[in-house]
Each structure stands twice: as structure tokens, then as C-alpha cells.
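Everything below concerns the one structure shown next.
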Amino acid sequence: MPFELTPNVIKAIVSALIAIIVYSLVVIIEKIITKNVGNLKRRHTAKKAILYIGTLIVVIAIGVLWAKDLKTFTVVISVMGAGLVVALGDVFLSIAGWFLLLIRRPFEAGDRVQIGEVKGDVIDIRLFQTSLLEIGNWVKEDQSTGRVVHIPNSALLKGPVFNYTRGFEFLWDEIKMIVTFESNWRRAEEIMLCHARKEAERVSEEMARLIKKMAERYFIFYEKLTPIVYIKVIDHGIELSLRYLTEAKKRRHYYDSLSRLILDDFGKENDVNFAYPTYRLVK
């Protein structure tokens with residue numbers, strides 16, 4: 001039986017050609033973007049936007065092409081759709097989560113987030129899943145583990161999503177030191193504040209600008225942005241807790257830097273001594 005070019009066969013060929021042409025253009029445009037856009041975040045966003053636009057064009061074009069035939073199968077499609085929603089609930093939830101990301105934009109590529117129990121930097125967002133470069137886990141203090149974790153977008157609708165960097169790129173962090181009761185704790189407090197204030201001066205203008213920007217969108221108000229030391233008497237000494245704002249992605253770096261400076265200056269003071277738990281045996 002000779003092959004016949006029926007209307008449906010022609011439509012199928014045209015549909016394939018539309019998809020091939022559009023996605024070929026998408027690949028070419030992505031290469032141009034890669035070559036000419038130096039900023040990694042802008043490059044990634046632009047390439048994703050081109051891919052989504054290309055997909056939308058293909059869907060609309062093929063939908064228009066087959067529109068008349070699809071009307072005949074409206075009831076069948078409705079029944080199949082209901083069955084698919086039940087059978088593939090998580091898949092549809094992932095698509096809903098993807099639409100949430102497009103509309104509400106709780107995070108984007110480059111942000112540091114926590115989804116469920118997983119923390120990491122967002123490196124890719126797709127229709128069904130979001131990819132993170134993991135931090136934490138067996139590695140301490142928000143350092144990268146090197147693992148790429150793929151999280152279904154349905155997780156965005158099932159639990160809290162923490163964003164470390166969106167809107168306000170600073171976190172409150174604390175350094176705790178314990179000195180003996182005989183130590184000059186006021187001098188220890190002065191040393192800790194001195195080094196923390198130097199760091200605060202470097203980023204104070206940027207922090208104030210970001211907080212003002214956040215206040216325009218959220219009910220957020222920080223009365224005090226400068227470092228402060230809280231004093232607490234514990235069983236084996238005086239605990240000094242230095243509370244300060246630091247950049248989210250550089251938290252460990254500044255914790256290390258401040259700790260080194262504080263330890264160096266404590267070592268120069270004869271009346272500042274570290275405390276530690278001790279035990280006394282009585283016969």
C-alpha cells in the first residue's frame with residue numbers, strides 16, 4: 001500500500017518542523033548569549049527565558065495547527081486528564097511549584113536557600129526540579145560539599161523555603177567567648193566590639209540601603225544594625241556573645257577573620273583569660 005500524505009500526516013510533519021526550527025533558533029541564541037554576556041547570573045536567566053519563550057511558541061503553534069482535531073477529543077482528553085492528575089499528582093505539583101517560581105520568584109539562580117532539610121546555592125531551575133550545590137551536611141559552617149542535589153519543585157508547596165540572600169544579603173551571626181570571673185570582661189568586650197565595628201563600617205551603607213528596600217515590601221524594621229556584645233554569667237565564667245551582621249555567603253570567612261583578631265588581642269592582655277570547665281576532687 002503506497003504511503004499517502006493525509007492531512008494528519010502533513011500536520012505531524014509540519015509540527016516536527018516547527019519544533020526543529022524553533023529549538024534550533026533557541027540553541028543559536030543561547031550560544032550568542034553565552035559569548036556576549038559575561039555576568040553568569042544574567043547569562044543563566046537570559047538562556048532560561050529564551051528556552052521558555054521558544055517552548056511557548058512551539059506549544060501555541062502546534063496547538064493552533066491541531067485545534068480543529070482536538071475539539072473532537074475534548075471528552076476523552078478530560079477523562080484522561082483527570083486520571084493523570086490522580087496518577088501523577090507529584091508531577092503536577094512540581095509543575096505548579098515551577099509556576100510559583102516564575103510568578104512569585106521566592107528565589108532564583110545564584111541565591112542561597114534551604115528547601116526542607118537541604119541547604120545550598122541554586123544553580124538551575126527546571127520544569128520539574130530545582131538543582132542546588134549543597135552546603136553544610138557533614139561539612140561545617142555553610143561550606144560546599146561539592147554535591148549537586150536535585151529537589152522536585154513539589155517540595156516548594158509542601159514545606160518552608162528559606163532564602164539567605166534574596167532582598168537582604170546579610171545574616172546575624174554570633175561569636176562566643178568565655179573568660180574567667182577574675183578577668184577584665186569589660187576590656188574583653190571592648191576588644192570584640194572594636195573589631196566588629198570595623199567590619200560593620202565596611203558594609204553599613206549597603207545594609208541600610210537593603211533594609212530600606214525590604215521595608216518597602218515587607219513589615220520589617222531593624223532598630224539596631226551595629227554590633228553588640230551580650231554578657232551572661234554561666235557556671236564556669238563570663239560568656240561574651242558578639243552579635244554582628246555579616247554577608248550570608250561569607251559568614252565563615254568573617255567568623256574566622258574576627259575570631260583570629262579577637263584571639264590575638266586577648267593574648268596581649270594580662271587580665272583577660274579564657275575559662276573552661278574544671279573539676280575539683282575532694283578526699
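We're numbering straight along the sequence, starting at 1. Small disclaimer: the values here were computed from a predicted structure and weren't measured.
- Between Glu239 and Lys176 there is a side-chain heavy-atom pair separated by less than 4.5 Å.
- Other members of the hydrophobic cluster containing Ile228, listed by chain and number, are Tyr230; membership follows side-chain contacts under 4.5 Å among ILVMFWY residues, whether direct or relayed.
- Evaluation of the side-chain contact (heavy atoms from CB on, under 4.5 Å) rule for Ser183 yields Val179, Thr180, Asn273 as partners, not counting sequence neighbours.
- Around atom CG of Asn36, more than 12 heavy atoms belonging to other residues, nucleotides or ligands sit under 6.0 Å away.
- Residues Glu174 and Tyr244 fail the side-chain proximity criterion, which asks for heavy atoms closer than 4.5 Å.
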What's the verdict on side chain to side chain contact (heavy atoms under 4.5 Å, CB included) for Ile238 and Ile178, showing C-alpha distance, side-chain angles and the deciding distance?
CA-CA 5 Å; Ile238 300 172; Ile178 303 173; over 6 Å; no
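- A distance of 10.0 Å separates CG in Asp265 from CD in Glu190, rounded to the nearest 0.5 Å.
- Listed by first then second residue, pairs satisfying salt bridge (Lys or Arg N to Asp or Glu O under 4.0 Å) with a partner in residues 122-133 read Lys48-Asp124, Asp124-Arg126, not counting sequence neighbours.
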Walk me through it: do Phe181 and Val233 pass the test side chain to side chain contact (heavy atoms under 4.5 Å, CB included)?
CA-CA 9 Å; Phe181 289 111; Val233 177; 3.7 Å; yes
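- No more than 12 heavy atoms of other residues, nucleotides or ligands lie within 6.0 Å of CZ in Arg186, so this atom counts as exposed by the packing criterion.
- Considering only heavy atoms from C-beta on, Asp121 comes within 4.5 Å of Lys249 through its side chain.
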CA sep, side-chain torsions, deciding dist, call: Val229, Ser241, side chain to side chain contact (heavy atoms under 4.5 Å, CB included):
CA-CA 5 Å; Val229 172; Ser241 298; 6.0 Å; no
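- Here the CG-OH distance, from Leu242 to Tyr255, works out to 9.5 Å after rounding to the nearest 0.5 Å.
- Taken to the nearest 0.5 Å, the OG1 atom of Thr130 stands 5.0 Å off from the CG atom of Leu101.
- You'll find the side chain of Thr226 stays beyond 4.5 Å of the side chain of Arg197, heavy atoms only.
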